Novice: 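Here it is: the structure, laid out below.
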There are 2 protein chains.
Amino acid sequence: MPDSYTKEVRDLHLFSDMEDQHFQSLIRAAYVQNFPPQIELISEGDPSDFLHILLTGSVDLFSSWNERETSMATVRPVSTFILAASVREAPYLMSARTMEKSRIMLIPSQNVREVFAQDGQFARAIVDELAQCYRGVIKNTKDLKLRTSLERLANYLLREQLRSGGGASFRLEAEKRRLASFLGMTSENLSRAFKGLRPYGVTVTGKQITITNQADLEGFAKPHPLIDER
Amino acid sequence: MPDSYTKEVRDLHLFSDMEDQHFQSLIRAAYVQNFPPQIELISEGDPSDFLHILLTGSVDLFSSWNERETSMATVRPVSTFILAASVREAPYLMSARTMEKSRIMLIPSQNVREVFAQDGQFARAIVDELAQCYRGVIKNTKDLKLRTSLERLANYLLREQLRSGGGASFRLEAEKRRLASFLGMTSENLSRAFKGLRPYGVTVTGKQITITNQADLEGFAKPHPLIDER
DNA sequence: GCGGGCAGTTGACATTTATCAAGTGAATGC
DNA sequence: GCATTCACTTGATAAATGTCAACTGCCCGC
């Protein structure tokens, strides 16, 4: 049932413009649940019964094939996930597991589709959100196909730096092994990649990253808005 | 101006359910143009002024970074492309060039957004289309990250086989160098990959592919609906 | 505070993939 | 009809990336 997170949810771009009556109807249908760390919330292939909204904590979206597994994205509060599967009534393409203790709101997909049909603002917001998600994945594909692992790491660090405020020093949000998987490499290779960036002015101490030579790193990474801008 | 392709466009999932009045309004605003082969229709970074609909011919969507280039997708008639950029009024993330002589309908993005606001069926169709595109790119990412190039080729061949009717023998639609780029490898490697599939019952003669041992190839490729189903 | 346990690192090595250079073969044009 | 071009192939080699095994260091619990 609704709680103090309602306001934060309401402020999400997806819900911010819709009529209050419709928002309330979604919230009434929704329920909020707490999950411990390392719980598999969703398994790929499952029917998409709920739109999920991460309120607190963090969630890893990952996929598997033939005994292999890769991290596709990390969800941080407050944001929705698996909207595409919900609106298409199609099975999930990714699995989701909590990385830490997490609070999650679940809105039945059925209700989302009903409100979609009634509320033009909501429909518009869903289109925006989907288009943005789509563009995000395209950027990710470009990153994967056009860059080496060292270049991907360099650009990732620049993005994280920006996200953390732009200072020379910042902390990695992700565990390194998850980061490795997200960037499409092994943990061992990530370790070596960090070393490989030392000549370009990157210092690593645990999760603490310091960029001692911004110009050098950018010269190597060559970040590009059509790949890296989020 | 509208022509005999109107019906085919109308039958596209994106337009099939909308009110005729709205469809006509889109068509009136649209124009149709013929392009020679190898023309760059769109350059990534350009503002997205038009929704494009490929009527005949074929179009390659590709991206570049730092002197490198990769093929992202091939568009075949009759279908739309760059819908996401259109609805978000954001710059194109991919470039597009005709691969052969092509006939293309252009609908001003402005009109698409106007009709979207008026026609619930059209809005619903756009959401469906975007969600499908999104899911397509996610599948592609899984293909790239979870499989080796040999496995990607094997699964690509199985998908093409299905698309061509399922017979043991079929023709490749794409040139091999474009296929290589699409699969995320070099031409040289694609050549070797075809050889590498010979033990699994794949024979290649120019563009003609024959799968002499379906079970072996499938055993190696391990196709999976959440990656390969289109 | 001692002993796992575990993420991360390192080194040696294998595999995969890219690069460069040369060759083949089929389609095209004069 | 012959030369040219261009996609594709092949071989030799280099670079990137993955694997395996051992090791380090730190956190956590008892």
Side-chain angles (χ1 to χ4, degrees), chain A residues 36-38 58 60 65-71 74 99-101 143-157 171-200 202-209 220-221, chain B residues 36-38 60 65-71 74 99-101 143-157 171-199 202-209 220-221:
Chain A
Q38 305 301 332
S58 54
D60 183 42
W65 176 79
N66 194 27
E67 316 288 290
R68 294 169 219 168
E69 183 179 308
T70 190
S71 173
T74 297
M99 299 192 316
E100 47 191 317
K101 194 163 166 299
D143 192 40
L144 278 171
K145 290 183 76 178
L146 290 168
R147 290 171 171 164
T148 65
S149 59
L150 200 59
E151 290 164 343
R152 287 199 296 277
L153 175 60
N155 281 292
Y156 175 86
L157 292 179
R171 281 185 72 77
L172 286 177
E173 292 285 336
E175 297 174 278
K176 287 185 185 167
R177 63 196 189 123
R178 194 180 315 281
L179 174 56
S181 176
F182 173 72
L183 292 175
M185 52 177 135
T186 56
S187 299
E188 293 94 328
N189 246 316
L190 178 62
S191 254
R192 293 175 191 120
F194 273 122
K195 275 189 173 174
L197 289 181
R198 225 147 44 187
Y200 301 100
V202 175
T203 308
V204 185
T205 314
K207 294 201 155 198
Q208 196 68 28
I209 308 291
F220 171 74
Chain B
Q38 306 301 333
D60 184 42
W65 177 80
N66 193 28
E67 315 290 288
R68 292 168 220 168
E69 184 180 307
T70 189
S71 173
T74 296
M99 298 193 315
E100 48 189 317
K101 195 165 165 301
D143 192 40
L144 278 171
K145 290 183 76 177
L146 291 167
R147 290 171 171 163
T148 66
S149 60
L150 199 59
E151 289 164 344
R152 287 200 296 278
L153 176 59
N155 281 290
Y156 176 85
L157 292 179
R171 279 185 73 78
L172 287 177
E173 291 286 336
E175 298 173 277
K176 286 184 184 166
R177 62 193 191 127
R178 193 180 315 282
L179 174 57
S181 176
F182 172 72
L183 293 176
M185 52 177 134
T186 57
S187 299
E188 293 95 325
N189 246 316
L190 177 62
S191 255
R192 294 177 189 115
F194 273 123
K195 274 190 174 172
L197 288 182
R198 225 146 44 187
V202 175
T203 308
V204 185
T205 315
K207 293 201 154 198
Q208 197 68 30
I209 307 292
F220 171 73

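From a predicted model like this one, the values you see are computed outputs, not experimental measurements. All values below come from the heavy atoms of this structure, side chains included, with hydrogens, waters and symmetry mates left out. Per chain, numbering begins at 1; letters A, B, ... match sequence-line order.
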Novice: Using a cut-off of under 3.5 Å, enumerate the N/O to N/O pairs linking the protein to nucleotides 26-30 of chain D.
Specialist:
none

Novice: Could you tell me the separation between the CG atom of B:L197 and the P atom of C:dT16, rounded to a whole number of Å?
Specialist: 13 Å

Novice: Measure the distance from CZ on A:R198 to P on C:dT9 and round it to the nearest whole Å.
Specialist: 11 Å

Novice: Once you round it to whole Å, what is the distance between P of C:dA18 and CD of B:E69?
Specialist: 16 Å

Novice: If I compare all heavy atoms of A:E100 with all of A:S58, which pair ends up nearest, and what's the gap?
Specialist: OE2-OG, 2.6 Å

Novice: Taking side chain as C-beta onward, heavy atoms only, is A:L197 less than 4.5 Å from A:F220?
Specialist: yes

Novice: A:L144 has an atom CG; how far is it from atom C1' of C:dT17, in whole Å?
Specialist: 16 Å

Novice: Side-chain contact test, heavy atoms from C-beta onward, threshold under 4.5 Å: evaluate it for B:D60 versus B:R178 and give yes or no.
Specialist: yes

Novice: Could you tell me whether B:R198 atom CZ has more than 12 heavy atoms of other residues or ligands within 6.0 Å of it?
Specialist: no

Novice: I'd like a list of close polar pairs between nucleotides 13-17 of chain D and the protein, N/O only, cut-off under 3.5 Å.
Specialist:
| residue | atom | partner | partner atom | Å |
| --- | --- | --- | --- | --- |
| D:dT17 | OP1 | A:S149 | N | 3.2 |
| D:dT17 | OP2 | A:S149 | OG | 2.7 |

Novice: Separation of B:L146 atom CG from C:dT16 atom C1', in whole Å?
Specialist: 17 Å

Novice: From CE of A:M99 over to C1' of C:dA7, roughly how many Å is that when rounded to an integer?
Specialist: 15 Å

Novice: Examine distances only and state if a side-chain atom of B:T70 and a backbone atom of A:L146 form a donor-acceptor pair shorter than 3.5 Å.
Specialist: no

Novice: Hey, what are the protein-to-nucleotides 6-9 of chain D N/O distances that come in under 3.5 Å?
Specialist:
| residue | atom | partner | partner atom | Å |
| --- | --- | --- | --- | --- |
| D:dA7 | OP1 | B:R177 | NH2 | 3.4 |
| D:dC8 | OP1 | B:K176 | N | 2.9 |
| D:dC8 | OP2 | B:R177 | N | 3.0 |
| D:dT9 | OP1 | B:K176 | NZ | 3.0 |
| D:dT9 | OP2 | B:S191 | OG | 2.4 |
| D:dT9 | O5' | B:S191 | OG | 2.9 |

Novice: Does NZ in A:K207 sit with more than 12 non-hydrogen atoms of other residues, nucleotides or ligands closer than 6.0 Å?
Specialist: yes

Novice: Who pairs with A:R152 by side-chain hydrogen bond (donor to acceptor under 3.5 Å, both in side chains), at least two apart in sequence or on another chain?
Specialist: none

Novice: Taking the side chain as C-beta and beyond, is there a heavy-atom pair between A:D143 and A:Y156 under 4.5 Å?
Specialist: no

Novice: Closest approach of A:P37 and A:M99, non-hydrogen atoms and distance?
Specialist: CB-O, 3.9 Å

Novice: What's the shortest heavy-atom distance between A:L183 and B:K145, and which atoms?
Specialist: N-NZ, 4.5 Å

Novice: Between the main-chain N or O of A:Q208 and the side-chain N or O of A:T205, is there a donor-acceptor pair closer than 3.5 Å?
Specialist: no

Novice: Does the side chain of B:F182 come within less than 4.5 Å of B:L190's, by heavy atoms?
Specialist: no

Novice: Using side-chain hydrogen bond (donor to acceptor under 3.5 Å, both in side chains) as the criterion, list what pairs up with A:K176, not counting sequence neighbours.
Specialist: none

Novice: To the nearest 10°, let me know how far the axis at one end of the helix from C:dG1-D:dC30 to C:dC30-D:dG1 is tilted from the axis at the other, five pairs an end.
Specialist: 40°

